[in-house]
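Accompanying notes for the structure given below.
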Amino acid sequence: MQSKLSDIELIEQTLAGNQAAYADLVKRHQRFGFTLAMRFAKNREDAEEIAQDSFIKAYRSLATFQRQSKFTTWLYSIVYTTAMTFLRKKRVDTDSIDDENIYIQLENSSSSHDINSAENKSRSYYLNQAITQLMPDDAAIITLFYMGEQSLDEISKTLGIEASTVKVKLFRARQRLKEKLEHNLKHEVKELI
Amino acid sequence: MNTIEERLWNYIDGTCSEVDRKAVDILIAQDEVYRRKYQELLALNQAFSKMELDEPSMAFTYNVMEAIRAEHAQQPLKAGINKRIIKSISGFFIVSIALLLIMAISSVHTGGAANISVHLPDNLRLPDIKNYLNKPVLEGFLFFDIVLGLFLFDAWLRRKNVSKQV
């Protein structure tokens, strides 16, 4: 059972030495932290490593958290930087041509799926599948905006870019996601939405 | 330049200006193309909002807390010592030394200093300090002090640098 205390109250208790309070905070935000990490890592093992590292880093720097922004905004920025460091360590350049090829391959492999099986699969499955075909930055912005319920300003703090840039990036990311859905599902996209 | 889609997304997100919002309201009501596009994007927006989060492994929280506990266990003793204990011990010694000094100074009889007579044994010869504290010795001592000071300063800067990186 999760705690009914607010994030700030749990942080205060953690800083006072109550580690169980931090466990509650982890339980509360682990799903989103993990989902955001999945947008970069593309496999569960790496995503878990990124998300766990992020929570450990957040614990270490909890005393430096200034309560001017939401805890989630601060936490997601840690997940983002941890994921970027992780990708760099793995020598994966997200903007490289190689990466584009990976996404094109993913795209082709998914388009070869039997479209008739679409009826048996959920909307969420197809959306998640389309998101995994996006570039990590696009996927992260979509995830933060829709699943993390972050405003454009909050996303700009998380990613360290201007809010106006986030707005443009979000628009482009949604366009690309729509295109992926249309490509994957052909005519069934209208039924899906 | 705003495309129809960009304008409609801003309308759906609520990030457009009041004037633009009213203009889009009219366009949706009167223009068939706008209305269809709006309904399509609205449906898409709702679908995006209903996306489900991924579920990490059952041991996720346990693993995080275990890593934190392990980190605490590895914490060096120096970092684990309560600074207040150190301060109170040093405070005790400072107060004790100060009291001893006050007592010693107050018990000195300055007026009778001229009457003090010390009887040393005849065969005792005290070393003449002036012979030892010559210029080269003092210079050597100062040089050693400077080198030692530089070493300590270097060690302090290194520690400061490490703590910044952590």
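So that the names make sense, note that chain A is the first sequence line, chain B the second, and so on, each numbered from 1.
- Note on A/V168 and A/L144: separate hydrophobic clusters, where clusters join Ile, Leu, Val, Met, Phe, Trp and Tyr whose side-chain heavy atoms are under 4.5 Å apart, directly or indirectly.
- Hydrophobic clustering (ILVMFWY, side-chain heavy atoms < 4.5 Å, transitive): B/I94 and B/I85 are in distinct clusters.
- With rounding to the nearest 0.5 Å, the separation of CZ in B/F60 from CZ in A/R31 is 12.5 Å.
- Atom CD of B/E52 is surrounded by 12 or fewer heavy atoms from other residues, nucleotides or ligands within 6.0 Å.
- Atom CZ of A/R172 has 12 or fewer neighbouring heavy atoms from other residues, nucleotides or ligands inside a 6.0 Å radius.
- Clustering ILVMFWY residues whenever any of their side-chain heavy atoms sit less than 4.5 angstrom apart, transitively, puts B/L157 in a cluster other than the one holding B/L150.
- The ring pair (Phe, Tyr, Trp, His ring centres under 6.0 Å) search around A/F34 returns none, not counting sequence neighbours.
- For A/A47, no part sits under 4.5 Å from any heavy atom of chain B, backbone or side chain.
- Other residues, nucleotides and ligands contribute over 12 non-hydrogen atoms within 6.0 Å of the CZ atom of A/R67.
- Between A/R174 and B/I12 the shortest side-chain heavy-atom distance does not fall below 4.5 Å.
- Only the side chain of A/L170 comes within contact range of chain B, with heavy atoms under 4.5 Å apart.
- The shortest non-hydrogen separation linking B/M51 to A/Y146 is CE-CB, 4.3 Å.
- Hydrophobic clustering (side-chain heavy atoms under 4.5 Å, transitive across Ile, Leu, Val, Met, Phe, Trp, Tyr) keeps B/L53 apart from A/M38.
- Heavy atoms only, all atoms of each residue included: B/W9 and A/Q175 are closest at NE1-OE1, 3.9 Å.
- Summarising the geometry of A/Q19 relative to B/M65, their closest heavy-atom pair is O-CE, 3.2 Å, with the distance given to 0.1 Å.
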**OP:** Given side-chain contact (heavy atoms from CB on, under 4.5 Å), test B/L44 with A/L181 step by step and report yes or no.
**Re:** CA-CA 10 Å; B/L44 209 56; A/L181 278 169; 4.3 Å; yes
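- By number of non-hydrogen pairs under 4.5 angstrom with chain B, the leading residue of A/Y59, A/F32, A/F55 is A/Y59.
- Counting heavy atoms from C-beta outward, B/N10 and A/K167 have side chains that approach closer than 4.5 Å.
- In plain terms, the two heavy atoms of B/A67 and A/I56 that are nearest each other are CB-CD1, 3.4 Å.
- Nearest heavy-atom pair, B/T61 versus A/A23, reported as atom, atom and distance to 0.1 Å: CG2-O, 3.6 Å.
- Using a 4.5 Å cut-off between heavy atoms, A/E149 does not touch chain B at all.
- Side-chain N or O atoms of A/Q52 include none that pairs as donor or acceptor with a backbone N or O of B/N63 at under 3.5 Å.
- When heavy atoms are compared at a cutoff of 4.5 Å, A/R44 approaches chain B solely by way of its side chain, counted from C-beta outward.
- Both the backbone and the side chain of B/N45 come within contact range of chain A, each with at least one heavy atom under 4.5 Å from a heavy atom of that chain.
- For a residue to count as touching a neighbouring chain, one of its non-hydrogen atoms must lie under 4.5 Å from one of that chain's; by this rule B/Q46 does not touch chain A.
- The CZ atom of A/F171 sits 4.0 Å away from atom OG1 of B/T3, with the distance rounded to the nearest 0.5 Å.
- With hydrogens and angles ignored, the 3.5 Å screen pairs a side-chain donor or acceptor of A/T35 with a backbone N or O of B/D54.
- Hydrophobic clustering (ILVMFWY, side-chain heavy atoms < 4.5 Å, transitive): A/L25 and A/I8 are in one cluster.
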